[in-house]
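Here the structure is laid out as structure tokens; the discussion comes afterwards.
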There are 2 protein chains.
Amino acid sequence: MFQNCQDVVAPVRIGDKWTGKILVCLGDGARRFSELRVPLHMVTPKVLTESLRAMERDGLVRRTAHPGVPPRVEYSLTELGHRMREFFMDTVCAWNASTLPEVLEARAAYDRRVSA
Amino acid sequence: MFQNCQDVVAPVRIGDKWTGKILVCLGDGARRFSELRVPLHMVTPKVLTESLRAMERDGLVRRTAHPGVPPRVEYSLTELGHRMREFFMDTVCAWNASTLPEVLEARAAYDRRVSA
DNA sequence: CAGGATCCTTTCCGATACTG
DNA sequence: CAGTATCGGAAAGGATCCTG
């Protein structure tokens with residue numbers, strides 16, 4: 001799902017470590033807190049909360065708490081969040097992917113030089 | 001010079017803290033190590049070296065050492081570096097700038113809500 | 001002049017445990 | 001379930017001093 005956005009090599013980043021992936025995960029609909037943790041490799045609740053709070057503050061994400069027990073909270077993208085996701089996927093990830101071969105080759109060449 | 005790329009609020013980032021600014025500074029020609037430090041608010045040599053090394057390794061920057069005493073080292077953008085700079089300025093910074101008002105308003109509204 | 005070496009602070013992030 | 005609280009390690013970034 002994140003083939004084009006692997007943070008291992010991507011030089012262009014958005015928000016913190018999880019912001020981009022959260023945008024993608026929420027791209028096709030609302031998700032609950034626990035549902036989000038799965039595609040995010042079981043990121044700890046603390047960190048996920050921090051990322052979601054920041055995104056909510058920036059107007060990218062909307063938090064909807066359904067009353068009752070057990071609690072049920074859903075996160076979804078705002079209109080700005082959707083635009084941010086499009087920009088991230090179509091522009092940033094696309095550009096990262098397109099330049100990746102050049103960067104990798106440059107790194108290999110550099111490493112060859114310094115180790116020599 | 002960095003009006004559209006202020007890292008205070010920019011959600012989209014490139015490389016480390018100084019990468020974007022270095023790209024811009026080298027945009028209109030080669031610069032020496034010390035020359036680079038000025039527009040970068042006297043970033044310490046250690047950090048600047050780290051950033052430049054990473055950019056050199058990624059094939060964004062070319063390092064040219066002119067022999068003699070005192071030493072003279074010039075940094076310039078590679079072709080990939082120029083393309084990266086264009087992408088950064090025209091696409092990333094432009095997008096940051098265009099969404100900035102919305103983000104700031106969202107933040108203000110959020111802060112008003114939580115402090116209330 | 002162009003950095004390398006050291007030390008230190010800050011920030012990010014993960015692990016674990018607990019709660020309404 | 002959806003978090004919060006606390007702790008600890010790792011990494012980023014900066015201050016200061018030193019060197020070819």
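In what follows, every chain begins at residue 1, and chains take the letters A, B, ... in the order their sequences are listed. Here the structure is a predicted model, which means the values were calculated and not measured.
- Below the 3.5 angstrom threshold, one finds a donor paired with an acceptor across the side chain of Lys46(A) and the base of dG14(C).
- Considering only heavy atoms from C-beta on, Thr91(B) comes within 4.5 Å of Phe87(A) through its side chain.
- Dashed line: the shortest gap from a side-chain N or O of Arg32(A) to OP1 or OP2 of dG3(D) is not under 4.0 Å.
- Following rounding to the nearest Å, Leu40(A) (CG) and dG14(C) (C1') show an atom-to-atom distance of 14 Å.
- Using a 4.5 Å cut-off on side-chain heavy atoms (C-beta onward), Val24(A) and Met89(A) make contact.
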Do Arg83(B) and Glu102(A) pass the salt bridge (charged side-chain N to carboxylate O under 4.0 Å, His left out) test, and can you show the C-alpha distance, the side-chain angles, and the key distance before you say yes or no? CA-CA 12 Å; Arg83(B) 273 165 32 225; Glu102(A) 286 177 82; 2.5 Å; yes
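- For the pair Lys17(B) NZ and dC12(C) C1', the computed distance is 15 Å after rounding to whole Å.
- Between Arg37(A) atom CZ and dA15(C) atom C1' there is a gap of 11 Å when expressed in whole angstrom units.
- For the pair Tyr75(A) and dG3(D), the criterion of a side-chain N or O lying under 4.0 Å from OP1 or OP2 is met.
- Here dC1(C) presents its C1' atom at 13 Å from NE2 of His66(B), a figure rounded to the nearest Å.
- In this structure, Glu50(B) places its CD atom 12 Å from P of dA5(C), rounding to the nearest Å.
- Remark: P of dA2(D) and CZ of Arg31(A) are 13 Å apart, rounded to the nearest angstrom.
- Listed pair Ser34(A) / dA2(D) meets the phosphate criterion, a side-chain N or O lying under 4.0 Å from OP1 or OP2.
- Between Arg72(B) and dG3(C) there is no side-chain polar atom (N or O) within less than 4.0 angstrom of OP1 or OP2.
- Ring orientation note: the planes of Tyr75(A) and Phe33(A) are tilted relative to one another, at an angle of 30° to 60°.
- Atoms CE (Met42(B)) and C1' (dT16(D)) sit 14 Å apart, rounded to a whole Å.
- Along DNA chain C, the nucleotide closest to Pro71(B) and the one closest to Val47(A) are compared, and the more 5′ of them pairs with Pro71(B).
- Transitive grouping of hydrophobic side chains (ILVMFWY, heavy atoms separated by less than 4.5 Å) keeps Tyr110(A) and Val103(A) in distinct clusters.
- Atom-to-atom, CZ of Phe33(A) to C1' of dG20(C) comes out at 15 Å; the value is rounded to the nearest Å.
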